[in-house]
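Computed from heavy atoms alone, side chains included, the values below leave out hydrogens, waters and symmetry copies. Both ligands and their constituent atoms are indexed starting at 1 by order of listing. Note that the coordinates shown come from a computational prediction; the quantities given were computed from them, not determined experimentally. Residues: numbered from 1 along the sequence shown.
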Amino acid sequence: MSNHKIGVIASGRGSNLQAIMDKVAAGVLPLEIAVVVSDKSDAFALERSKRAGIPSFVVERGQCAGKREFEEKLDGILRAHGVELVVLAGFMRILGPDFIARWPQRVINIHPALLPSFPGLDAQGQALRYGAKITGCTVHFVDEGMDTGPIILQKAVPVEASDDEETLSARILREEHKALPEALALWAAGKLSVQGRKVVIEN
Ligand code: GAR
């Protein structure tokens, strides 16, 4: 049986994409990254996918007439590559309800905080400014809200008194690189089901 196909959407550096690629290459994550799409033509994620021989595309919001056209283009590329699950790995835009309705429980996101704390942009800075002592990362299914969908898994890290955004982000990122492949492995094994707000993980 062939591996499940995922599509990754990334806006920047792509270290989470790399974490997935490394696990796939190591043979410990039974998935195929069928396509990578970025909304930024200079995203390093594109370079990473090219190096790995993964088809990659740029869809810039500014080149589209509106959000609908932008999302239709994304949708078209993902479908043309047989994608079953869309992985948002550092994608810095909100997908609209039309897109989400077309991919029910088929979009997952990684967020650099323990949701529902610190949704949206600059989650690490939010945690620091708030004075949180613990933060972390969350992998969740995406719904119509902003970072509100059912939680698949979370990993916590301490906030040290000496932290700035850079040191805290780096500590969280190390956990992201474990959490996202772990969540994908559970999905690939068919172990995730969504019941209301909750994700049930089969043993
Ligand atoms: C990661 O920290 C990810 O959690 C965050 O962007 C970074 C992307 O890093 N995503 C969000 O904030 C989404 N709202 P990467 O490009 O190296 O994977």
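Given atom 1 (C) of ligand 1, the protein heavy atom at minimum distance is Glu176 OE1, 3.2 Å. In terms of protein heavy atoms, atom 13 (C) of ligand 1 is closest to Met92 SD, 3.8 Å. Given atom 15 (P) of ligand 1, the protein heavy atom at minimum distance is Ser15 N, 3.4 Å. Arg13 NH2, 3.0 Å is the protein heavy atom nearest to atom 9 (O) of ligand 1. Scanning all protein heavy atoms for the shortest distance to atom 16 (O) of ligand 1 gives Gly14 N, 2.7 Å. Scanning all protein heavy atoms for the shortest distance to atom 10 (N) of ligand 1 gives Ile110 O, 3.7 Å. Of the protein's heavy atoms, His111 ND1, 3.9 Å lies nearest to atom 14 (N) of ligand 1.
You'll find the side chain of Glu160 stays beyond 4.5 Å of the side chain of Thr167, heavy atoms only. The shortest distance between side-chain heavy atoms of Asp147 and His140 falls below 4.5 Å. Looking at Trp187 and His4, their side chains come closer than 4.5 Å, going by heavy atoms from C-beta outward.
Cation-pi geometry between Arg106 and Phe141 is not satisfied (NZ or CZ under 6.0 Å from the ring centre, within 45° of the ring normal).
Under a hydrophobic clustering in which Ile, Leu, Val, Met, Phe, Trp and Tyr are joined whenever their side-chain heavy atoms come within less than 4.5 Å, directly or via other members, Leu85 and Val35 fall into different clusters.
Taking the six-membered ring where the residue is Trp, Phe57 and His81 present perpendicular rings, their angle passing 60° and hence far from 30°.
Taking only nitrogen or oxygen atoms, main chain and side chain alike, Asn16 reaches within less than 3.5 Å of ligand 1.
For ligand 1, the atoms closer than 4.0 angstrom to any heavy atom of Gly90 are 6 (O), 8 (C), 10 (N).
The local environment of CZ in Arg79 is crowded, with over 12 non-hydrogen atoms from other residues, nucleotides or ligands closer than 6.0 Å.
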